[in-house]
Colleague: 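Before I ask anything, let me first share the structure, which is written out below as structure tokens.
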Amino acid sequence: MTGKGERVRVVGWVNSIRSVGGIVFLEVIDGYRMQLYTVVAKRSENPEAWRAASDVKTGSAVVVEGVVPSKTISRRGLEVHPTRLEVVSEPEEVLPLDPSEKTPALLDTIIEHRYVALRTLKQRAIFRIRALAVKAARDYLESQGFVEVHTPKICGAGAEGGATLFQLDYFGRRAFLAQSPQLYKQMLMCGLSRVYEITPYFRAEKFNTVRHLNESWGIDAEMAFISGVEEVMKLLEGLISHVFEAVKSKAEPELRALGVKLQKPRRPFKRLTYDEAIEVLRSRGLEVEWGQDFGSDEERALGEAMAEEGYDAYFIVDYPWSAKPFYIMRRGELSESFDLDYRGLELASGGQREHRYRELVENIRLKGLNPEDFAFYLKAFRYGMPPHGGFGLGLDRLVMVLVNARNIREVVLFPRDTQRLTP
RNA sequence: GCCCCGGUCGUAUAGCCUGGUCUAGUAUGCCGGCCUGUCGAGCCGGAGAACCCGGGUUCAAAUCCCGGCCGGGGCGCCA
């Protein structure tokens, strides 16, 4: 983007300063790109710029105008010889972490000062990849005819089962923060047959793990007029593959900064039935009871077993209906559902939904819930609801996989967990 | 909710087990100086922490004990 000998204007922050006799070297990171500059100010070349560079403090926001020399000596960053150097803002105090990364920062320190941490290529790479993944997901779903929708996050109805909800006061009435767009995206299937939503999920569980947050983001899709759950899995597989491809081809500098060699998961993704999964686990010495969802030991062991077969990404299908929510279609003791796991980490779950009114009401009763609480939802199933299915994909977890993070907090700018409410 | 670790200059850590010699060490960052190609620059000098909070044991606590708060990890729950 910048040729040698060209005039350039650089905006960014000074990450380190070294002065050698009559030369000052400023390492500047660009405002938003994956680009480092070495600003070389020589007293003999431009005394004014040299003097200005000599006065710069680490962490300052600067605007530099200069020239890229035809021959550069710097081993790091694009070399720029300044003709003008303006400090537009100076730090009031020493930076809370070292942007040159010579002194490491703990995750907690990074989270507390994420905006400063973003002045390192690694931090910046994570969030650029996150943005790219979202864009790629949108592109793919749009290409498949899906329409982006936005459903309410403040809801009057209680739990759809599973996680605990955050309760709030809505002009004197009890309301909840949405744990997922599940019910609403299904209702839409009665009038718009392909929708997706990129949305926060709120869960009031007091979990304390590296893969859960109380506010997380998901990519939800729902499609109608399907002939079976396989269609939904194909869509999700295509989506995941497209995101991997986009990140691999468009985020080379980011992946390099992170030291990540991204491998597109082998296709087609493995379809492993729940019964087969049980067999695999038992053969590995784990005791599992039929009908239960898998715990983290089981997930990890399955991930290892699948990796040995050459699969990073795999679907677990034909779950017992007892382990699934009421809206999933039943098939005897089993269900028309799937989980998508990547190396032992659950990325998504989905399935074909029960679209038949009577069966759906019965399912709600079987789960010990009250159909009256779901009246607003059930109504949509009385006016020609077609067969449909969809999935919820954990965006944060997907980004974890893309950037090879071990803690979900690494890929969320300002994570919300049981302790963190600020910043 | 449970279990295991941890909390010491801005940052990252040593010290803690085997209390005193810790007026708390080191690195990096910071301040001042030298050096015209540094790039984890180098060299010289300097400032910077009464050791998370509260209580206890002791002649004496960063160090031992109890409680709390916070952080990291694991489990449960959950996506």
Colleague: Look at the side-chain N and O atoms of S19(A) and state whether any lies under 4.0 Å from the OP1 or OP2 oxygen of U38(B).
Modeller: no
Colleague: Starting the side chain at C-beta, find the nucleotide from U36(B), C75(B), U38(B) nearest to R18(A).
Modeller: U38(B)
Colleague: Select one nucleotide: of U28(B), C30(B), C77(B), the one nearest the side-chain heavy atoms of E205(A).
Modeller: C77(B)
Colleague: Should S16(A) be listed as having a side-chain N or O under 4.0 Å from OP1 or OP2 of G40(B)?
Modeller: no
Colleague: Before giving the answer on side-chain contact (heavy atoms from CB on, under 4.5 Å), spell out for H242(A) and D139(A) the whole-Å C-alpha distance, their side-chain angles and the decisive distance to 0.1 Å.
Modeller: CA-CA 9 Å; H242(A) 182 79; D139(A) 288 347; 4.3 Å; yes
Colleague: Using the six-membered ring wherever Trp is involved, compare the ring planes of F381(A) and H388(A) and label them parallel, tilted or perpendicular (cut-offs 30° and 60°).
Modeller: tilted
Colleague: When you get a sec, tell me which of C39(B), C70(B), A41(B) is the closest nucleotide to the side chain of K102(A)?
Modeller: A41(B)
Colleague: Is there a side-chain polar atom (N or O) of K206(A) under 4.0 Å from OP1 or OP2 of G1(B)?
Modeller: yes
Colleague: Determine which nucleotide pairs with A49(B), using a 3.5 Å limit on both distances of a Watson-Crick or G-U wobble pair.
Modeller: none
Colleague: Tell me the interatomic distance from E93(A), atom CD, to C9(B), atom P, rounded to whole angstroms.
Modeller: 15 Å
Colleague: What's E45(A) touching, base or sugar-phosphate or nothing? Going by heavy atoms closer than 4.0 Å.
Modeller: nothing
Colleague: Of the options G76(B), U36(B), U28(B), whose atoms approach the side-chain atoms of R43(A) most closely?
Modeller: U36(B)
Colleague: Nearest to the side chain of V94(A) - G37(B), G29(B), U38(B)?
Modeller: G29(B)
Colleague: Using modelled atom types only, decide if a donor and an acceptor are shared between the side chain of Y274(A) and the backbone of G291(A) within a distance under 3.5 Å.
Modeller: yes
Colleague: Considering just the side-chain nitrogens and oxygens of N407(A), establish if one lies under 4.0 Å of OP1 or OP2 belonging to G73(B).
Modeller: yes
Colleague: With the threshold set at 4.0 Å, does a side-chain nitrogen-carboxylate oxygen contact exist between E237(A) and R271(A)?
Modeller: yes
Colleague: Please determine, for the side chain of R420(A), which listed nucleotide (G71(B), C31(B), C39(B)) has the closest atom?
Modeller: G71(B)
Colleague: Taking the C1' atom of each, how far is U11(B) from A49(B), in whole Å?
Modeller: 13 Å
Colleague: In whole Å, what is the span from the CD1 atom of I29(A) to the C1' atom of C39(B)?
Modeller: 16 Å
Colleague: Are the aromatic ring centres of F146(A) and Y196(A) under 6.0 angstrom apart?
Modeller: no
Colleague: When rounded to the nearest Å, what value does the distance between C1' atoms of C22(B) and A14(B) take?
Modeller: 12 Å
Colleague: E27(A) CD to A41(B) P: how many Å, rounded?
Modeller: 8 Å
Colleague: Taking the side chain of L106(A) as heavy atoms from C-beta outward, which of G37(B), C75(B), U13(B) is closest to it?
Modeller: U13(B)
Colleague: Can you classify the ring geometry of F294(A) versus Y319(A) as parallel (below 30°), tilted (30 to 60°) or perpendicular (above 60°)?
Modeller: tilted
Colleague: Round to the nearest Å and state the distance from E112(A) atom CD to G10(B) atom P.
Modeller: 15 Å
Colleague: Under 4.0 Å between a side-chain N or O of R76(A) and OP1 or OP2 of G37(B)?
Modeller: no
Colleague: Given C39(B), is OP1 or OP2 found less than 4.0 Å from the side-chain N or O atoms of T38(A)?
Modeller: no
Colleague: Give a yes/no answer on whether the side chain of T103(A) brings an N or O atom under 4.0 Å of OP1 or OP2 in U13(B).
Modeller: no
